[in-house]
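Here the structure is laid out as structure tokens; the discussion comes afterwards.
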Amino acid sequence: MKNYIPSLRIFLLAILALGVNYASAQTKNDAAKMNAFVTQLMSKMTLEEKIGQLNLVTMGRAITGSVVNSGVESRIKKGEIGGVFGVYGAADVAKIQDLAVKESRLHIPLIFGLDVIHGHRTIFPIPLGISATWDMGLIEQSAHIAAKEATAEGLNWVFSPMVDIARDPRWGRISEGSGEDPWYGSQVAKAMVKGYQGSSMTNSDAVMACVKHFALYGGAEAGREYNTVDMSLIRMYQDYLPPYKAALDAGAGSFMSSFNTVNGMPATVNKWLLTDLLRKQWGFKGFVVSDYTALNEVTDHGLGDLQTVSALALKAGLDMDMVGEGFLTTLKKSLKEGKVTQQEIDQACRRVLEAKYKLGLFNNPNKSIDPEREQRDVLTDDHRKFARTIAEHSFVLLKNSAQTLPLKKSGTIALVGPLANNHSEMLGTWVIAGDPEKSVSVMDGIKNIVGNNVNILYARGSNITDDSLLGVRAFALNNGQIKDKRSPKEMIDEAVETAKKADVVVAVVGESANMSGESSSRSDIRIPESQRDLLKALAKTGKPLVIVLFNGRPLTLTWEDEHASAILDAWAPGTEAGNAIADVLFGNYNPAGKITATFPRSVGQIPIYYNHKNTGRPYSGKGPAKFKSDYLDISNDPLYPFGYGLSYTTFNYSDVKLDKTTLKGNEILKATVTVTNTGKYSGEEVVQMYISDPVASISRSVKELKNYQKVTLQPGETKEVTFNITTNDLKFYNNELVYDWEPGQFIVQIGTNSSDTHTASVQWGK
Ligand code: BGC
């Protein structure tokens, strides 16, 4: 047996090597076939047809901007259009695809894209909520189901995942991403790409992912939408770029450039970004599409007229122009005038055709269009069941004093708040195909769970907002908020009377779906005033007050944290909102979500994030001090730190045990804690591992998340959780932008959130 083992190992290694060689030969073979096919096709294409491939249009309705393309059908037949977005539904897509494949000269299929962001027909929580699950299996599955539903309706390209790191909750699009951490954001980015694209993009239930927005859109100054981004290279590489790179490494087929400037140069025409970094440094082989009319907007940035900026964009590495038709209307002229080359046009056209090839559209342009599938695979019971599960896992218990939650399934509950008996607000910021009528309200969800065992008294209590500016701007797309006819005082009085009759008050309050997302920056990130007034009146009744919070961003909740008995952050949970919320309120599921973006105490602390640097003159946090890095009027600490979230049970962490305290080179360090469930409920805990590098050649972040494990523990149960740490976990970008580690002391920190950790120190030499 002893002799047998090494030879078996050699045999297995040989098989593995053969497998690897076979796979890479296969890939080369596939690439050569694709190349030959596209070359052959392009040899037949006119200049106009090539430029047509670079043109992405919307049909009939503007999705996120004002320009809508016209004459699309006849232009498809002329070969002037490469892709369409905004159309879905098997029959509609098939009809339009037929125009291209049957009636255009070269029969080149169209690519069909849409903003499928957190589900297609079955809506899942907003991405910031999904990220709070810390469960890559669930995240990947959510993207897979979205792809399945989207392909059943003829789509083959989704404008997702959005992987922009955001440290500023004033920015409304923080809701569309995975928060502030580059390592964690990278895990989510990979899971989403895998879920969308599956094992092969030719599968009939797979779509091509489009990673957005490249790049650094989340760094917008002052959190104001579309604003300038100016950032050091070290910060970019260390803190903002990793998720884009991770999505690329996971095989993402396309990227979308961002609206913002990056150090003075708009991303849409930024050669450093789109070619030097994305293609040359990172090796991206897919295509890049602009954001909605972003090419035209380069004119607003001050870089010249449409012809000039279109030429700049093509030269920079932009391949497809979304909606604005700058490429379509100017490139021929620019070619004649020597402002772009034929090779540059060919290269962009090739990349778009390659994407269609990778999707299998040349073999079968209607590969996923099947009216039966459209009936069978969309908003199924299984998808709804999954939506309920992922929503439950996304909720974060921010406060739970005196074990107010879970609620008893008996007695009287006052259910109040403008979001308590509402369907449309359940779905969140990006819902193009989701049907609000199919969503479960909180009221319905509670009734589904407790039936007649609980007496439910309802009062609306307030409008979502009575602020004229916020109300008008936030509800601009819905033609205004539907307001109650009663005065604010009458509504509050009714709610207070209702509360007085109940054992506990459940207030469902927060932001409406359109207060976050694109074009929804806020300078005041509290719950709107009308609802705060309601909460204050409810608190005065002395009844236990449970807040179920809807929000697309971290909010400032200092008053709520002080006065509510419990706060359950539900984000915008999607189609199964009410059922999932009721499951958690009544203890059918014990919440385990952890926030992925810091909750500040006030907007004045923004930007605030856990992986900040040390300063000189650090403030100890105690007592009055002068000439320290602090504020006169508020603590430096956030209200809830990154990684924070409670459970109905409690967990106790042991000290961190390291298997070595000195290491060399590529050795592996094992760091272990034991975690014990010390409460009454079975529960899940996200055990987080951070590393600090106290002395280095540049100033490093105070700590960085490097790994986590989610464990389930029964009451009284203890588990050992071990992390294997390698020198990869120690690497950072130094002053020369070299990604490496430096020998010295490292501190391993393991705990329940980024500020509550146990630490152990190690010396690591080269
Ligand atoms: C958004 C993108 C979106 C595109 C198409 C833009 O305004 O920034 O995220 O994919 O519109 O709807």
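Note: hydrogens, waters and symmetry copies are ignored here, and every other heavy atom, side chains too, is used. Order of listing sets the numbers, starting from 1, for every ligand and every atom in it.
- For the salt bridge (Lys or Arg N to Asp or Glu O under 4.0 Å) condition, the pairs that include at least one residue of residues 174-202, sequence neighbours left out, are Arg173-Glu176.
- Residue-ligand proximity: His213 is placed with a non-hydrogen atom under 4.0 Å from ligand 1.
- Listed by number with element, the atoms of ligand 1 under 4.0 angstrom from any heavy atom of Lys212 are 2 (C), 3 (C), 9 (O), 10 (O).
- With respect to Asp319 and Arg351, a salt bridge is recorded, a charged nitrogen being found less than 4.0 Å from a carboxylate O.
- Between Glu518 and ligand 1, an N or O atom pair is found at a separation short of 3.5 Å.
- Short contacts between ligand 1 and Tyr292, defined as distances under 4.0 Å to a heavy atom of the residue, involve ligand atoms 6 (C), 7 (O), 11 (O).
- You'll find the ring centres of Tyr217 and Trp171 inside the 6.0 Å limit.
- Looking at Asp115, Asp291, Asp164 one by one, the single match for salt bridge (charged side-chain N to carboxylate O under 4.0 Å, His left out) with Lys212 turns out to be Asp115.
- Every atom of ligand 1 with a heavy atom of Asp291 under 4.0 Å away is listed here by number and element: 1 (C), 2 (C), 3 (C), 4 (C), 6 (C), 7 (O), 8 (O), 11 (O).
- Every pair passing salt bridge (Lys or Arg N to Asp or Glu O under 4.0 Å) that includes a residue from residues 243-272 is listed here, sequence neighbours excluded: Lys245-Asp249, Lys271-Asp276.
- Ligand-side atoms of ligand 1 in range of Phe85: 5 (C), 12 (O), range being under 4.0 angstrom from any heavy atom.
- Residue Tyr217 has no nitrogen or oxygen atom sitting less than 3.5 Å from a nitrogen or oxygen atom of ligand 1, judged on distance alone.
- Heavy-atom contacts of Phe159 reach the following atoms of ligand 1: 10 (O) (cutoff under 4.0 Å).
- Taking the ring axis of Phe284 as reference, the NZ or CZ atom of Arg279 does not stay both within 45° of it and closer than 6.0 Å to the ring centre.
- Phe259 and Tyr226 have perpendicular rings, their planes meeting at more than 60° on a 0 to 90° scale where under 30° would count as parallel.
- Using a 4.0 Å heavy-atom cutoff, Met162 is absent from the residues neighbouring ligand 1.
- Neither the backbone nor the side chain of Glu225 comes within contact range of ligand 1; no heavy atom lies under 4.0 Å.
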